[in-house]
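Note sheet for the following structure.
No experiment lies behind these values; they were computed from the predicted model shown. Protein chains get the first letters and strands the later ones, always in sequence-line order, with residue 1 at the start of each.
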Amino acid sequence: MKNSRVRVRFAPSPTGPLHMGGVRTALYNYLFAKKHGGDFLLRIEDTDRSRFVQGAEKYIVDALGWCGISPDEGIGAEDKLTNGGKHHPYRQSERKDIYGPYVQTLIDSELAYLAFDTPNELSMVRERAMEAGNPNWQYNSITRTSMKNSLTLSKTDVEEKKKVGEPYVVRVKMPRNEEIKFHDEVRGWVSVNSMNVDDKVLLKSDGLPTYHLANVVDDRLMEITHVIRGEEWLPSAPLHVLLYDYFNWERPSFAHLPLLLRPDGNGKLSKRDGDKLGFPVFPLNWNNSETNETASGYKEAGFYAAGFVNMLAFLGWNPGTNQEVFSLDELISSFRLEKVSKAGARFDFDKARWFNQQHLRLRPKKDLLKEYLELLKKTSGHVPEKNWAKKSLDLFMDRAEFVKDIISESTYLFEDPKSYDNKVVEKKWNSDSPVFIKTLKSLFSQTNYTSESLENCFKKYLSSSSLSFGQVGPVLRLAVAGTTQGPSIFMVMELIGQESTERRIDSALMRLQ
RNA sequence: GGCCCGUUCGUCUAGCGGUUUAGGACAUCUCCCUUUCACGGAGAAGAUCACGGGUUCGAAUCCCGUACGGGUCACCA
């Protein structure tokens, strides 16, 4: 497999929306594939029909699409390749019939066996073990000798049971005492004694394979060269590795990624955290059709896909240089599995916002202007003239992390102040103030309403009346904008124009008397 | 609890035996710019590299133990 084309896969189960941890796993897979000129496939692992959630698969495809990490093959790649690719179907429920023969070869070579124990019987055994002080009963090389399976039952009994249709599962036969070793691309050598891994179910009684079997068989069939997945799979990796050996297949490379942790450090980030933690955990909004609640997504929160992806990439990976702001293409060329860290990473929303700010500044002016105008229209209905909008964008974008910040910071460009900042009123507004702005209003009316001449005019007034900027500036700003914050007041006046400025001054004179 | 994985500033991390008075970024604070707010610039504070033993002339870097954290123990993925 050393010389073959790199092929990786992201294989989520459609049990709900994909959360940011899942997106990161997909991202690392994608980056690795693209870095090596390989393929990134999306396979849906829907062998557990009881946990199937309507709309989840579409959500996964949409979310990856938004991030710009669309699959080259499989689900979501139907527009690129017929049926998603030559290894179709890519939905495990549709591959149901593929697994049988593989299970049979294992049974034939006595590496797997049939087990007739009912779920009820099993839970009773577990319960009894629990009472006896064993909290972790396992179906393994020792206990299987006293269970109802094809190893303990006679051949005719087994045939009889099969004939009458008694449900059974197929379990893998784990060796009694063997070191199972494999090399992990991020952790180095990992070794587990087979004693500690149980006789996992390979084929369920409903005829569908479990993840363990399906994942190994499909990865083989789909020619996957590198299995890159979350650390939660590390404990079952020895089983998967053993399965490759049992089938006599060359093992793919494995890489187990560190988990995304909650900001408080207590456990991994999970779907259930929803918005409880004060930030979205999903890439896109997700409507839960049962509860009719919406969990918020990064896209709708105003994040750029590029910023979101950049931020995710740095949660557990670092190029080893001081560069932090990366485009997708830059991530691809810099990505190396060896630079993935081993420890879990706590998510930090502040840093996420910072990444977005960086990407906002990287945006082509044209695109940013378009986004600004669109959001402006959507939120307030204002449709300003393009050149005018360009100026206001220039004025306000420095202080924004998101496009929506530009809108909220610049509302007074569109609407006369509804109220005046109380602190400034108390501090700066006095009996002289009305005279100042009344005079300014008439002086301004005799000049061009451009920031330059307005400012000149203002300064002339200051020197001729021996006034300081501090006495008059804030008062003017208060009257025009209602607040003391923001960019140059002369630029603001230029943008809102003479009529509006004079109206605001008059209004302030009335309301602040 | 068993097994597995991990542990460098509050957070993400650089570091892969000597170039380290442990570097960067976010957050925090100070100053400058702006008589505003941000942006920007300069700077400060912040990590005895979890702890204890080794190995070595020399360890954040290698080994062992302990502690702590996380993951996982289903006919779920």
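Side-chain N/O atoms of R353(A) include none lying less than 4.0 angstrom from OP1 or OP2 on C26(B). In terms of phosphate contacts, K268(A) brings a side-chain nitrogen or oxygen within less than 4.0 Å of OP1 or OP2 of U72(B). OP1 and OP2 of C75(B) both lie 4.0 Å or more from every side-chain N or O belonging to T210(A). The phosphate of A77(B) (OP1 or OP2) has a side-chain N or O of T47(A) nearer than 4.0 angstrom. Between K339(A) and the phosphate of C12(B), there is no side-chain N or O to OP1/OP2 separation shorter than 4.0 Å. Regarding contacts with the backbone of U36(B), every side-chain N or O of K427(A) stays at 4.0 angstrom or more from both OP1 and OP2.
The cationic group of R262(A) does not satisfy the cation-pi geometry with F347(A), failing either the under 6.0 Å distance to the six-membered ring centre or the 45° limit from the ring axis.
Distance from the side chain of P119(A) is smallest to C75(B) among U36(B), U13(B), C75(B). Between C75(B), C26(B), A77(B), one nucleotide has an atom nearer to the side chain of S205(A) than all others, and that is C75(B). Closest contact between the side chain of R399(A) and the listed nucleotides G1(B), C76(B), A38(B) involves A38(B). Among the nucleotides A27(B), A77(B), C4(B), the one closest to the side chain of V192(A) is C4(B). Listed candidates were C4(B), C75(B), G70(B). Nearest to the side chain of L122(A) is C75(B). For Q485(A), taking side-chain heavy atoms from C-beta onward, the closest of the listed nucleotides C76(B), C37(B), A14(B) is C37(B). The side chain of R126(A) sits closest to A74(B) out of G71(B), U13(B), A74(B). The side chain of E45(A) has A77(B) as its nearest neighbour among U36(B), G1(B), A77(B). Checked against C73(B), C76(B), G71(B), the side chain of N136(A) finds its nearest nucleotide in C73(B).
In this structure, S341(A) reaches the sugar-phosphate backbone alone: every heavy-atom distance under 4.0 Å involves primed, P, OP1 or OP2 atoms, never a base. Among the heavy atoms of the strands lying under 4.0 Å from V169(A) is at least one base atom, whether or not backbone atoms are also near. In this structure, G133(A) reaches neither bases nor backbone, as no heavy-atom distance under 4.0 Å exists between it and the strands shown. Counting any heavy atom pair closer than 4.0 Å across all strands shown, R361(A) reaches sugar-phosphate atoms only and no base atom. No contact: G230(A) has no heavy atom under 4.0 Å from any strand. Contact annotation for W317(A): no contact, since no heavy-atom pair falls under 4.0 Å across all strands. Within the 4.0 angstrom heavy-atom criterion, base atoms lie near Y211(A). Contact annotation for P487(A): base contact, defined as any heavy-atom pair under 4.0 Å involving a base atom. Counting non-hydrogen atoms under 4.0 angstrom, G470(A) reaches a base of the nucleic acid.
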Under 3.5 Å donor-acceptor pairs involving side-chain atoms of residues 52-59 of chain A, not counting sequence neighbours:
from   : atom 1 : to      : atom 2 : distance (Å)
E57(A) : OE1    : R91(A)  : NE     : 2.8
E57(A) : OE2    : R91(A)  : NE     : 3.4
E57(A) : OE2    : R91(A)  : NH2    : 2.8
K58(A) : NZ     : D62(A)  : OD2    : 2.7
Y59(A) : OH     : L284(A) : N      : 3.0
Y59(A) : OH     : L284(A) : O      : 2.6

Identify every side-chain donor-acceptor pair in residues 308-317 of chain A under 3.5 Å, counting partners at least two apart or on other chains, and give the distances.
from    : atom 1 : to      : atom 2 : distance (Å)
N310(A) : OD1    : F326(A) : N      : 2.8
N310(A) : OD1    : H359(A) : NE2    : 2.8
N310(A) : ND2    : E324(A) : O      : 3.1

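Listed by first and then second residue, the side chain to side chain donor-acceptor pair (under 3.5 Å) pairs involving residues 465-474 of chain A are S468(A)-Q471(A) (not counting sequence neighbours).
Using a 4.5 Å heavy-atom cutoff, the side chains of K148(A) and E121(A) are in contact.
Across the strands present, C9(B) finds no partner; the criterion is a Watson-Crick or G-U wobble pair with both atom distances under 3.5 angstrom. Nucleotide C16(B) has no partner under the Watson-Crick or G-U criteria, as no pair reaches both atom distances under 3.5 Å. With a 3.5 Å ceiling on both atom-pair distances, A22(B) lacks any Watson-Crick or G-U wobble partner. Pairing partner, A47(B): none, since no Watson-Crick or wobble contact has both distances short of 3.5 Å. Across every strand in view, U30(B) sits in a pair with A42(B) that passes the Watson-Crick or G-U test at under 3.5 angstrom. Pairing for A60(B) is absent, judged as Watson-Crick or G-U wobble with the two contacts each under 3.5 Å.
For the pair F355(A) CZ and A27(B) C1', the computed distance is 14 Å after rounding to whole Å. For the pair F396(A) CZ and C39(B) P, the interatomic distance rounds to 15 Å; values are reported in whole Å. Atom P of nucleotide C73(B) and atom NE2 of H240(A) are separated by 11 Å, given to the nearest angstrom. The CZ atom of F52(A) sits 15 Å away from the C1' atom of C76(B) (whole-angstrom rounding). Atom-to-atom, CG of N134(A) to P of G2(B) comes out at 12 Å; the value is rounded to the nearest Å. As rounded to whole Å, 16 Å separates atom C1' of A74(B) from atom CG of L208(A). In this structure, D264(A) atom CG and C12(B) atom P are separated by 12 Å, rounded to whole Å. The separation between R229(A) atom CZ and A77(B) atom P is 13 Å, rounded to whole Å.
Judged by distance alone with a 3.5 Å cut-off, a donor-acceptor contact links the side chain of R51(A) to the base of C76(B).
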Protein-nucleotides 5-11 of chain B N/O pairs closer than 3.5 Å?
from  : atom 1 : to      : atom 2 : distance (Å)
C5(B) : O2'    : R187(A) : NH1    : 2.4
C5(B) : O2'    : E231(A) : OE2    : 3.2

I'd like a list of close polar pairs between nucleotides 20-22 of chain B and the protein, N/O only, cut-off under 3.5 Å.
none

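F355(A) and F303(A) have their aromatic ring centers separated by at least 6.0 angstrom. Aromatic ring centres of F335(A) and Y28(A): separated by under 6.0 Å. In this structure, F458(A) has its ring center under 6.0 Å from that of F490(A).
Residues R477(A) and I489(A) approach most closely at NH2-N, 3.6 Å, considering heavy atoms.
With both ends at atom P, the span from C9(B) to G24(B) equals 16 Å, rounded to whole Å.
Side-chain N or O atoms of W189(A) include none that pairs as donor or acceptor with a backbone N or O of K181(A) at under 3.5 Å. With hydrogens and angles disregarded, a donor-acceptor distance shorter than 3.5 Å links the side chain of Q323(A) to the backbone of V325(A).
Applying the side chain to side chain contact (heavy atoms under 4.5 Å, CB included) test to N140(A) and every residue at least two apart in sequence or in another chain returns Q138(A), I142(A), T143(A).
Looking at F254(A), Y246(A), Y211(A) one by one, the single match for ring pair (Phe, Tyr, Trp, His ring centres under 6.0 Å) with H240(A) turns out to be Y211(A).
Between Q357(A) and T118(A), the residue anchored closer to the 5' end of RNA chain B is Q357(A), taking for each the nucleotide with the nearest heavy atom.
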